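Below: the structure, in structure tokens.
Just so it is clear: chains get the letters A, B, ... in the order the sequence lines come, proteins before strands, and each one is counted from 1. Everything numeric in this text was worked out from a predicted model, so none of it was measured. The basis for the numbers below is simple: all heavy atoms, side chains too, and nothing from hydrogens, waters or symmetry mates.
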Protein chains: 2
Amino acid sequence: MTEKIVFTRGVPPPEAFPTEQMGECFDAAVRGDAATVLQYGQQRGYAPLRRQLAEEYGVSETEILVGNGSLQLQDLVASYLSGPGTVVYTEQPSYDRAIKTFRRRAAQAIGIPLEEDGISVDRLEAALEREVPAFVYLVPDFQNPAGATLSLEKRRRIVELAVEHDFWVIEDVPYRKLRYEGEDLPLLREIDASRVITMSSFSKLLSPGIRVGFMIAPEPLIDAVTALGEDTYLAPVLPTQAAVAEFMGRGLLGPNIERLKELYTPRWKTMSDAVRRELPDAQAFIPGGGFFVSVMLPEDANTTNLVGRGKDAGLVLTPGAAFFADPGDGEAVPGDRFVRLPFCAVTPGQIEEGVKRLASLL
Amino acid sequence: MTEKIVFTRGVPPPEAFPTEQMGECFDAAVRGDAATVLQYGQQRGYAPLRRQLAEEYGVSETEILVGNGSLQLQDLVASYLSGPGTVVYTEQPSYDRAIKTFRRRAAQAIGIPLEEDGISVDRLEAALEREVPAFVYLVPDFQNPAGATLSLEKRRRIVELAVEHDFWVIEDVPYRKLRYEGEDLPLLREIDASRVITMSSFSKLLSPGIRVGFMIAPEPLIDAVTALGEDTYLAPVLPTQAAVAEFMGRGLLGPNIERLKELYTPRWKTMSDAVRRELPDAQAFIPGGGFFVSVMLPEDANTTNLVGRGKDAGLVLTPGAAFFADPGDGEAVPGDRFVRLPFCAVTPGQIEEGVKRLASLL
């Protein structure tokens with residue numbers, strides 16, 4: 001019987017979790033500050049964690065909101081900034097759940113084509129001539145789903161455009177600290193923070209189940225989204241945030257990230273090599289970090305019912321179309337030729353075999 | 001200097017939290033099931049907790065959804081069941097945050113007058129003749145803010161009306177297990193579950209900061225709200241739910257509730273006696289349990305700027321108007337004569353002194 005190989009889950013494998021340390025940190029965090037951690041309150045997030053994040057990002061504590069995962073914060077931000085009369089722009093392809101969230105809140109989510117060095121700025125500028133969106137949503141580092149990283153030149157131009165045309169840029173950076181080669185580029189907020197909302201979380205660095213995500217933005221926006229959060233869920237879940245603060249306070253986060261890089265680097269390298277070797281005709285996005293390699297298959301590839309034929313061959317794939325927002329100007333959306341290849345939760349052996357199976361289907 | 005007495009917070013006092021046990025349960029829950037608890041998933045809530053709740057309420061696990069606090073679930077339910085074209089009915093007065101949530105989702109939240117034995121069924125029937133709501137929201141046991149408990153006869157009639165007129169009844173029962181005298185009445189769902197959504201949480205029995213709330217409803221509604229929750233926050237926070245499951249699995253919840261009743265009973269008794277003695281002309285709601293006594297002050301009482309004058313006298317009160325939805329048929333809303341008196345987070349001495357101060361202001 002063929003071993004099933006799962007190329008769908010952009011999640012950490014169980015061996016990524018620092019379980020023993022997390023158990024201790026929960027215990028210490030609850031006992032150490034029960035009157036706050038077990039009570040209603042801290043609507044902006046657990047104060048010691050906000051202090052740690054403020055220090056790390058060089059911002060004021062009033063510019064930080066910690067909530068129940070960054071998708072929840074994206075939903076609140078989208079409901080605050082957009083509405084039935086507005087459009088939002090995303091990279092094309094983009095994070096499927098973000099597209100879904102924005103579609104529920106805005107009139108339309110329009111995709112701007114993604115290139116190897118990030119969103120097409122020419123296409124973004126052309127779109128801005130037609131309509132200024134409520135916000136542009138970007139995953140600038142090791143993008144989900146494609147893996148692309150936004151170049152420095154494009155980062156600079158995008159924050160200029162945001163100021164010039166008066167729209168917000170959401171930079172969602174959950175993968176940023178998982179770099180396996182090369183040097184960090186500056187955050188968009190480090191170039192010009194005035195129109196930038198930075199979002200991130202501890203899902204990829206610590207645990208997704210704790211649902212601790214955060215946003216950094218100018219204080220008036222933080223105030224408004226905090227009020228909306230309070231009306232929606234009263235107060236954030238606090239023991240999880242306190243456990244993260246404890247974990248960071250003990251100096252465990254840095255070493256944990258190093259451990260994760262050691263775990264993921266061979267998987268990343270295996271996936272990158274296998275894609276180059278087995279799918280030489282595809283346009284491959286090979287990132288310097290994160291969770292995803294991806295390929296745009298050639299136009300003459302046999303992509304008919306690719307997900308179904310993959311399943312029959314013991315290869316589980318995500319339908320590419322889920323990652324595509326509405327096209328900006330009537331062009332075709334190549335969803336059926338796009339394949340996301342998450343590599344963190346599969347072993348090097350599974351990666352080799354899985355990419356071979358994919359190549360054999362085309 | 002006069003000691004400030006706070007009659008605003010409907011929250012447990014810090015001494016109510018089983019801190020040491022909670023610390024242990026978090027540790028055990030995370031270490032014992034890390035691959036689930038620290039991972040994405042369990043969109044309907046942590047499976048072992050859902051099993052425990054299903055057994056307790058005599059329902060199928062598919063009829064239960066556990067989320068990040070019951071207000072978050074109310075927001076999801078309201079967004080699913082109501083919309084710009086619908087109205088919802090609440091008791092008048094009702095839980096201020098629920099009213100606010102419903103107002104954001106529905107066209108209008110209309111209050112049906114509350115009597116000592118719960119919502120006025122005559123007035124509800126009259127309102128139903130005018131318009132059938134998406135749902136009626138009730139706190140049948142020790143109501144927030146008034147303290148009233150819905151009579152058996154009214155419970156029977158309301159579920160009949162729900163079936164006859166085809167609307168949902170939300171019964172929100174977070175205080176139900178904190179009964180200091182008398183016998184439980186059946187849940188509305190125990191009379192006829194077909195149109196009933198039961199909501200509750202562990203905020204008053206264990207800790208509000210963990211934000212573990214749940215709903216019980218027919219499976220198709222649970223499925224729909226689960227999907228909406230997944231689109232909103234991806235997955236619920238799991239370590240907190242797992243800690244509750246561990247706490248219950250160790251048999252600690254029953255003894256903790258008994259301990260809370262011992263802590264709260266003298267406070268409840270002191271508040272009830274003080275209100276009867278110091279405010280003999282007010283219409284008092286004296287409940288058999290829960291967190292709140294309340295009074296409707298006489299029409300000739302001096303309620304002008306009551307909250308402001310209370311503050312000057314060292315007495316912190318919630319403005320009564322916050323608890324009132326829109327009136328059903330143009331009548332005046334007596335918000336300025338309504339005073340909620342939460343007694344769990346204040347000592348008997350503070351209660352005696354606070355009620356005396358209130359009486360002296362009128």
Side-chain angles (χ1 to χ4, degrees), chain A residues 9-20 22-32 34-42 46 67-73 75-76 79 97 100-101 104 203 206-213 228 230-240 242-243, chain B residues 9-20 22-32 34-42 46 67-73 75-76 97 100-101 104 203 206-213 228 230-243:
Chain A
R9 302 211 72 201
V11 307
E15 64 268 30
F17 303 142
T19 301
E20 300 297 314
M22 282 298 282
E24 281 172 31
C25 287
F26 268 106
D27 190 8
V30 168
R31 289 186 211 237
T36 299
V37 168
L38 296 179
Q39 187 60 281
Y40 290 112
Q42 308 272 300
Y46 185 57
N68 303 331
S70 63
L71 191 72
Q72 169 83 73
L73 294 175
D75 183 56
L76 295 174
S79 107
R97 294 199 180 263
K100 212 169 168 184
T101 296
R104 208 173 58 233
S203 292
L206 204 42
S207 149
I210 58 174
R211 313 299 307 117
V212 177
L228 201 54
E230 183 170 350
D231 286 348
T232 304
Y233 51 69
L234 195 49
V237 181
L238 292 174
T240 38
Chain B
R9 302 209 72 200
V11 305
E15 64 266 30
F17 303 142
T19 301
E20 299 299 313
M22 283 298 281
E24 281 173 31
C25 287
F26 268 106
D27 190 9
V30 167
R31 288 185 210 239
T36 299
V37 168
L38 296 179
Q39 188 59 282
Y40 290 111
Q42 308 270 301
Y46 186 56
N68 303 332
S70 63
L71 191 72
Q72 170 83 73
L73 295 174
D75 183 56
L76 295 173
R97 293 199 180 264
K100 211 168 169 183
T101 297
R104 208 173 56 231
S203 292
L206 203 42
S207 149
I210 57 174
R211 314 299 307 116
V212 177
L228 201 54
E230 184 170 349
D231 285 348
T232 304
Y233 51 69
L234 194 48
V237 181
L238 291 174
T240 39
Q241 296 190 12

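- Interface summary for chain A: among B:Thr101, B:Thr19, B:Asp231, B:Val37, the most heavy-atom pairs under 4.5 angstrom belong to B:Asp231.
- Residues A:Ala35 and B:Pro14 come closest through the heavy atom pair CB-CB, 4.2 Å.
- Looking at A:Asp27, the atoms closer than 4.5 Å to chain B (heavy atoms on both sides) sit in the backbone and in the side chain alike.
- Ranking B:Leu73, B:Asp75, B:Leu71 against chain A, the residue ahead of the rest is B:Leu71, based on heavy-atom pairs under 4.5 Å.
- The CZ atom of B:Arg97 sits 4.5 Å away from atom CG of A:Leu234, with the distance rounded to the nearest 0.5 Å.
- Atom OH in B:Tyr40 sits 9.0 Å away from atom OG in A:Ser207 (nearest 0.5 Å).
- Residue with the most contacts toward chain B among A:Met22, A:Gln42, A:Glu230: A:Glu230 (heavy-atom pairs, distance under 4.5 Å).
- With a 4.5 Å cut-off on side-chain heavy atoms, A:Phe26 and B:Val30 count as touching.
- In this structure, B:Arg211 contributes its side chain and A:Leu238 its backbone to no donor-acceptor pair below 3.5 Å.
- To the nearest 0.5 Å, the span separating OG1 on A:Thr240 from CG on B:Leu38 amounts to 11.0 Å.
- In terms of non-hydrogen atom pairs under 4.5 Å with chain A, the most contact-rich of B:Cys25, B:Gly69, B:Pro239, B:Ala34 is B:Pro239.
- Using modelled atom types, one side-chain atom of B:Gln39 and one backbone atom of A:Pro12 make a donor-acceptor pair closer than 3.5 Å.
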